[in-house]
K.L.:
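A single structure is presented below for examination.
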Amino acid sequence: MFGKKKDSPFANGGHTLFDNALEIVGDVRFGGTLDIEGRVKGNVVADAASDALVRVRSRGEVTGEIRAPKIIINGRVNGDVHCAKHLELAANAVVDGNVYYKVIEMVKGASVNGKLMHIGDEDSAAGKDAAATPSADSASVTSLQTDALASRAKS
């Protein structure tokens, strides 16, 4: 009853769905939760001060940059991903671009064709739009994919 507050799967604010039959050409600014099952050709940007969540579903595709506090990708993104709080790359995720994250979960089968760049508290708190500086956690995806293939070969 008085336990730890659990994170809701939905962000505060409205819930918007871009259906698989929908194609948006242009930038999208949103608050709340945005589910993308269709195609977006433009940047997807959430209010940095919000608790916004964007989900790119398995049939969804974004050609442009994504900037949001919380991001879940299970579709395709052709562009950089900037996530200030929590990023999840699901099994069908394909990102062709650099990924800037504070916390990341990457499921077996997800693919990133670019660099993984960890951002620190000072980078996300300041709301810097500039590229994050790489840390010791940063790795090229080629080495991550190589490690994943090596671990699969061992099992």
Side-chain angles (χ1 to χ4, degrees), residues 7 9-11 16-18 20 22-30 32-48 50-155:
D7 286 336
F10 300 104
T16 305
L17 169 67
F18 288 174
N20 61 357
L22 181 67
E23 181 176 312
I24 301 286
V25 178
D27 293 347
V28 176
R29 292 194 174 274
F30 75 99
T33 300
L34 173 63
D35 282 316
I36 300 172
E37 290 184 1
R39 279 184 252 145
V40 175
K41 293 182 179 180
N43 299 323
V44 176
V45 181
D47 179 17
S50 73
D51 192 33
L53 166 67
V54 61
R55 281 189 286 237
V56 180
R57 303 254 177 157
S58 61
R59 292 186 287 176
E61 182 176 346
V62 175
T63 302
E65 198 172 83
I66 298 178
R67 288 182 181 269
K70 298 178 185 175
I71 303 172
I72 300 172
I73 300 173
N74 196 29
R76 178 176 274 288
V77 177
N78 301 306
D80 291 349
V81 175
H82 298 262
C83 186
K85 290 184 181 176
H86 184 263
L87 171 65
E88 181 180 329
L89 299 175
N92 296 320
V94 177
V95 178
D96 290 321
N98 296 328
V99 175
Y100 302 88
Y101 67 93
K102 184 170 181 178
V103 175
I104 188 170
E105 289 182 51
M106 190 169 180
V107 177
K108 181 178 176 181
S111 172
V112 176
N113 302 307
K115 293 182 180 179
L116 295 175
M117 308 286 279
H118 182 263
I119 56 175
D121 290 334
E122 64 282 349
D123 294 331
S124 60
K128 294 180 181 177
D129 287 336
T133 54
S135 70
D137 295 12
S138 300
S140 92
V141 175
T142 306
S143 66
L144 286 175
Q145 290 173 338
T146 304
D147 293 343
L149 291 174
S151 67
R152 286 183 197 161
K154 289 179 185 176
S155 30

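Residue numbers run from 1 in the order of the sequence given.
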K.L.:
With heavy-atom distances below 4.5 Å as the criterion, would you say the side chains of Asn20 and Arg57 are in contact?
P.N.:
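Asn20 does not reach Arg57 side chain to side chain.
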K.L.:
For a side-chain contact (heavy atoms from CB on, under 4.5 Å) check, start with the C-alpha distance between Glu88 and Lys70, then their side-chain angles and the critical distance, and finish with the verdict.
P.N.:
CA-CA 8 Å; Glu88 181 180 329; Lys70 298 178 185 175; over 6 Å; no
K.L.:
Decide side-chain contact (heavy atoms from CB on, under 4.5 Å) for Ile66 and Val56; before the verdict, give the C-alpha distance in whole Å, the side-chain angles of both, and the deciding distance to 0.1 Å.
P.N.:
CA-CA 10 Å; Ile66 298 178; Val56 180; 4.0 Å; yes
K.L.:
Say you draw a straight line from CD of Glu105 to CD1 of Ile72; how long is it, rounded to the nearest 0.5 Å?
P.N.:
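The CD atom of Glu105 sits 8.5 Å away from the CD1 atom of Ile72.
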K.L.:
How close do Ala52 and Pro69 get, counting heavy atoms only, and between which atoms?
P.N.:
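For Ala52 versus Pro69, the nearest heavy atoms are O-CD, 3.6 Å.
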K.L.:
Give the C-alpha distance, both sets of side-chain angles, the deciding distance and a yes or no for side-chain contact (heavy atoms from CB on, under 4.5 Å) between Arg55 and Asn74.
P.N.:
CA-CA 8 Å; Arg55 281 189 286 237; Asn74 196 29; over 6 Å; no
K.L.:
Under the rule for salt bridge (Lys or Arg N to Asp or Glu O under 4.0 Å), what residues qualify as partners of Asp96, not counting sequence neighbours?
P.N.:
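Partners of Asp96 by the salt bridge (Lys or Arg N to Asp or Glu O under 4.0 Å) criterion, ordered by chain and then number, come out as Arg76.
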K.L.:
Which atom names give the shortest non-hydrogen contact between Ala93 and Ile73, and what distance separates them?
P.N.:
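In terms of heavy atoms, the two residues are closest at CB-O, 3.3 Å.
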K.L.:
Please list every donor-acceptor pair under 3.5 Å in which a side-chain atom of residues 36-44 meets a protein atom from a residue at least two apart or in another chain.
P.N.:
{"residue": "Arg39", "atom": "NH1", "partner": "Glu23", "partner atom": "OE1", "Å": "3.1"}
{"residue": "Asn43", "atom": "OD1", "partner": "Glu65", "partner atom": "N", "Å": "2.8"}

K.L.:
Mind listing the closest non-hydrogen atom pair of Gly97 and Val112 along with its distance?
P.N.:
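Scanning both residues, the minimum pair turns out to be O-CG1, 3.9 Å.
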K.L.:
Tell me if a side-chain donor or acceptor on His118 pairs with a main-chain N or O of Lys102 at a distance below 3.5 Å.
P.N.:
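Here the side-chain-to-backbone pair exists.
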K.L.:
Considering non-hydrogen atoms only, spot the tightest contact between Leu53 and Ile71 and give its length.
P.N.:
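Looking at all heavy atoms of both residues, the closest pair is CD1-N, 4.2 Å.
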K.L.:
Does the pair Thr16 and Phe30 meet the rule for a side-chain contact (heavy atoms from CB on, under 4.5 Å), with working shown?
P.N.:
CA-CA 9 Å; Thr16 305; Phe30 75 99; over 6 Å; no
K.L.:
Quick one: CG on Leu34 to CZ on Phe18, what's the gap to the nearest 0.5 Å?
P.N.:
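Between Leu34 CG and Phe18 CZ, I get 5.0 Å after rounding to 0.5 Å.
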K.L.:
Report the residue from Asn78, Val77, Val94 that forms a side chain to side chain contact (heavy atoms under 4.5 Å, CB included) with Glu61.
P.N.:
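Of the listed residues Asn78, Val77, Val94, the side chain to side chain contact (heavy atoms under 4.5 Å, CB included) partner of Glu61 is Asn78.
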